[in-house]
> 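Dumping the structure here so I can ask a few things about it.
Numbers here are sequence positions counted from 1. Because the structure is a prediction, the values reported are computed rather than measured.
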Amino acid sequence: MCGIVGYIGPQDATPIILSGLKRLEYRGYDSAGLAVLQNNQIEVRRDAGKLARLAALVLEEPVHGNIGIGHTRWATHGEPNARNAHPHLGMIGDVVLVHNGIVENFLELRAELEAEGVEFKSDTDTEVIVHLVERYISLGIDLAEAVRKALNHLRGAHGVVVMSRLEPDKIVAARVGNAGGVVIGLGEDETYVASDLPAILEHTRRMVFLESHQMAVVTRQGAQLSTLEGVPLPLDVQNVPWDPVSAEKGEYRHFMHKEIHEQVRSLTDTIAGRVDFEAGQIRLPDLNLTSELARSINKIHITACGTAAYAGMVGKVLIERIARVPVEVEIGSEFRYSDPIISENDIVLSISQSGETADTLAAMDEGRKRGAKLWSIVNAIGSQAMRMADGFISMQTGPEIGVASTKAYTAPLVDLYMLAILLADLRGVIDIARRKQLVADLRLIPDLAGKCLDREEQVVALAHALVDVKGALYLGRGINMPTAYEGALKLKEISYIHAEGYPAGEMKHGPIALIDSEMPVVVIAPRDPWYEKMFSQIEQAKARGGRVIAVATDGDALIPPVADHVLWVPETPWMLSPVTTVIPLQMLAYHIAALRGLDVDQPRNLAKSVTVE
């Protein structure tokens with residue numbers, strides 16, 4: 001959730017840190033700061049609000065040095081103000097630290113430290129860590145060992161990056177649990193530290209990812225990796241292929257708008273190399289799925305949060321219909337508390353854009369403890385969810401910067417479709433003709449997505465008509481019921497308009513009471529197996545004076561007479577229809593929010609990667 005950047009090398013650390021933090025703004029934050037070693041003194045600059053305020057502060061009070069750390073904070077303990085912003089200094093001023101996570105036992109640790117005479121300067125839980133590190137350094141222990149000892153006191157999951165003026169040639173980074181990633185970037189006589197790849201990708205492609213309970217001592221020459229118990233580990237250096245230019249807005253006003261329009265490319269990349277159209281077969285080599293494993297599967301538990309969970313709901317329909325494997329979809333934050341019934345022949349499949357969502361990772365941990373195999377569908381290369389899994393599918397969307405997920409929703413829909421076909425094939429429950437037809441349909445999907453994007457003008461016109469509404473009801477059935485949930489989520493998270501997604505068949509069991517001439521009712525009604533039922537519910541909404549906006553298939557003559565507005569989508573094979581039906585709803589939410597003058601890419605109170613529970 002919070003962003004971390006560190007640098008050691010021959011260059012001035014300050015602009016590198018500020019630039020890196022800028023690339024992590026998509027995570028969401030409410031304050032920012034940096035610390036640089038200047039003339040053997042740790043100089044800290046920090047402020048509440050956006051990075052522009054920190055940059056202005058640095059201009060007023062310049063700080064320069066060849067080693068430094070920076071942070072963007074999302075408040076968990078203490079108000080979002082300059083006093084509580086990271087980095088945090090020790091009382092003596094020898095140690096400075098930035099931190100992602102929550103110190104669950106910080107109250108008792110704070111009381112213990114105050115009894116020793118420590119004076120706290122913030123309301124944060126993080127400050128206890130820097131005082132613990134400084135405590136051990138004062139006993140003559142080096143920085144790395146002091147960090148190890150300090151972390152032993154903490155409960156919870158943490159990512160920490162620490163430096164000391166007493167050891168000006170190193171930065172220490174450590175990870176405990178799933179409180180966000182820690183990645184080390186290796187350059188030429190310089191080394192970088194970050195919580196996420198985009199922060200340092202412009203400088204190097206050579207990355208080392210810290211696992212839980214690992215520590216790195218970072219110097220100009222590289223990094224030494226060890227466990228938190230001090231056992232040395234080899235460096236697993238990975239070459240990351242992302243292009244840093246793809247993290248720029250380019251011609252678009254907002255990253256979200258750019259990412260909506262990148263879906264043709266991301267869907268193409270998702271399919272590329274995985275589909276043999278001639279043979280009508282799917283290849284997902286990173287999943288490590290054999291015929292023996294496929295036939296042994298008893299049940300698949302899909303676990304995810306937010307948008308990813310809605311993708312999982314579509315996946316349930318696809319896997320059960322095509323592969324005939326029972327699927328349960330469980331919200332990540334509820335999974336491990338529900339005492340799930342899992343056997344050794346079950347699969348726990350997590351879906352996550354960041355691969356670092358704490359609730360999803362905790363659900364994976366629970367699945368592992370109960371004997372299940374772990375799979376993940378994840379966007380962030382080298383992320384924890386990817387590394388934890390026995391097999392994975394990479395979304396292939398490239399960096400997604402906007403907080404409201406778009407291309408990282410449609411890509412896993414296609415991933416799940418491909419998984420369903422592969423499972424069916426390996427289990428022997430699909431005939432060749434049907435398999436080839438399902439595979440052939442994949443060829444259509446990038447072009448169909450492009451046709452949806454070509455109709456943006458009709459969405460803009462509707463956005464102008466709806467910009468001042470107070471609420472909206474989204475209705476869908478079957479495979480497009482999750483589309484209703486996702487469309488409603490997009491509207492509320494970036495436009496701050498209350499919206500509710502609902503199964504259309506449940507409309508008469510409550511939501512119909514809300515319908516009047518002021519309430520827009522968005523109905524997802526493509527020509528799919530649920531079309532006739534959806535049409536009936538459109539008529540019921542219209543009979544109550546509802547303002548009906550229909551997402552409908554080209555050429556449908558029945559919808560226009562009963563709808564006030566129609567968002568047309570091209571005819572799509574029904575199992576892939578959630579890809580096309582969601583795109584106009586993404587654009588609608590985007591344009592309403594933009595017309596309202598809101599911060600589309602960084603909506604209030606939200607973060608891209610939720611790394612604390």
> Could you report the tightest heavy-atom contact between Pro520 and Leu466, atom names first, then the distance?
CG-CD2, 4.2 Å
> Indicate whether the side chain of Ser577 and that of Asp528 have a donor and an acceptor atom separated by less than 3.5 Å.
no
> In plain terms, say whether Arg336 and Asp359 are close enough for a salt bridge, that is, a side-chain N and a carboxylate O under 4.0 Å apart.
no
> Using distance alone, with no hydrogens and no angle criterion, decide if Gln586 and Gln263 have a side-chain donor and acceptor under 3.5 Å apart.
yes
> Any salt bridge linking Arg370 with Asp339? Criterion: basic side-chain nitrogen under 4.0 Å from a carboxylate oxygen.
yes
> Specify the closest pair of heavy atoms between Glu500 and Tyr502, including all atoms of both residues, with the distance to one decimal.
OE2-CE1, 3.1 Å
> Indicate whether any N or O donor in one side chain lies under 3.5 Å from an N or O acceptor in the other, for His158 and Asn100.
no
> Apply the side chain to side chain contact (heavy atoms under 4.5 Å, CB included) test between Met418 and each candidate in Leu423, Thr270, Leu413, Val439; give the one that qualifies.
Thr270
> Between Lys369 and Asp365 (salt bridge meaning N to carboxylate O under 4.0 Å), is one present in this structure?
no
> Output, in order, the C-alpha distance, side-chain angles, deciding distance and verdict of side chain to side chain donor-acceptor pair (under 3.5 Å) for Thr580 and Thr572.
CA-CA 7 Å; Thr580 51; Thr572 307; 3.2 Å; yes
> For Val582, is there any backbone N or O sitting under 3.5 Å from a side-chain donor or acceptor partner on Glu486?
no
> Determine whether Asp346 and Lys299 satisfy the following criterion, salt bridge (Lys or Arg N to Asp or Glu O under 4.0 Å), listing intermediate values before the conclusion.
CA-CA 5 Å; Asp346 288 1; Lys299 181 184 289 186; 5.9 Å; no
> Ignoring hydrogens and geometry beyond distance, is a side-chain donor-acceptor pair present between Lys490 and Thr307 at under 3.5 Å?
yes
> Just do the side chain to side chain contact (heavy atoms under 4.5 Å, CB included) check on Ile282 and Asp425 with the steps written out, would you?
CA-CA 9 Å; Ile282 300 295; Asp425 193 17; over 6 Å; no
> Measure up the His257 and Tyr590 rings against each other and bin them: parallel (under 30°), tilted (30 to 60°), perpendicular (over 60°).
parallel
> Closest heavy-atom contact between Leu235 and Val208?
CD2-CG1, 4.0 Å
> Please report the shortest heavy-atom distance between Ala411 and Thr397, naming the atom on each side.
CB-CG2, 3.4 Å
> Could you grab the distance from atom CZ of Arg527 to atom CE of Met534, nearest 0.5 Å is fine?
14.5 Å
> Are Asn480 and Thr581 close enough, and set up right, to give a side chain to side chain donor-acceptor pair (under 3.5 Å), and what steps lead you there?
CA-CA 8 Å; Asn480 276 296; Thr581 55; 2.7 Å; yes
> Would you call Asp390 and Arg368 a salt bridge, taking side-chain N to carboxylate O under 4.0 Å as the test?
yes
> Do Ser352 and Thr360 have side-chain N/O donor and acceptor atoms under 3.5 Å apart?
no
> Examine the side chains of Gln396 and Ser394 and answer whether a donor and an acceptor come within less than 3.5 Å of each other.
yes
> Side chains of Gln353 and Asn379: donor-acceptor distance under 3.5 Å anywhere?
yes
> Treating Ser376 as the side-chain partner and Val378 as the backbone partner, does any N or O pair qualify as donor plus acceptor under 3.5 Å?
no
> Of the non-hydrogen atoms in Pro399 and Glu259, which two are nearest, and what is the gap between them?
O-OE2, 4.2 Å
> Is the closest basic N to carboxylate O distance between Glu356 and Arg175 below 4.0 Å?
yes
> Restricting to pairs with a member in residues 313-327, which pass side chain to side chain donor-acceptor pair (under 3.5 Å), not counting sequence neighbours?
Lys316-Glu320
> If you measure only the distance, is there a donor-acceptor pair under 3.5 Å linking the side chains of His261 and Glu456?
yes
> How long is the straight-line distance from CD1 of Ile559 back to CG of Leu567, given to the nearest 0.5 Å?
11.5 Å
> So which heavy atom on Arg435 is nearest to which on Ala279, and how close?
NH2-O, 3.0 Å
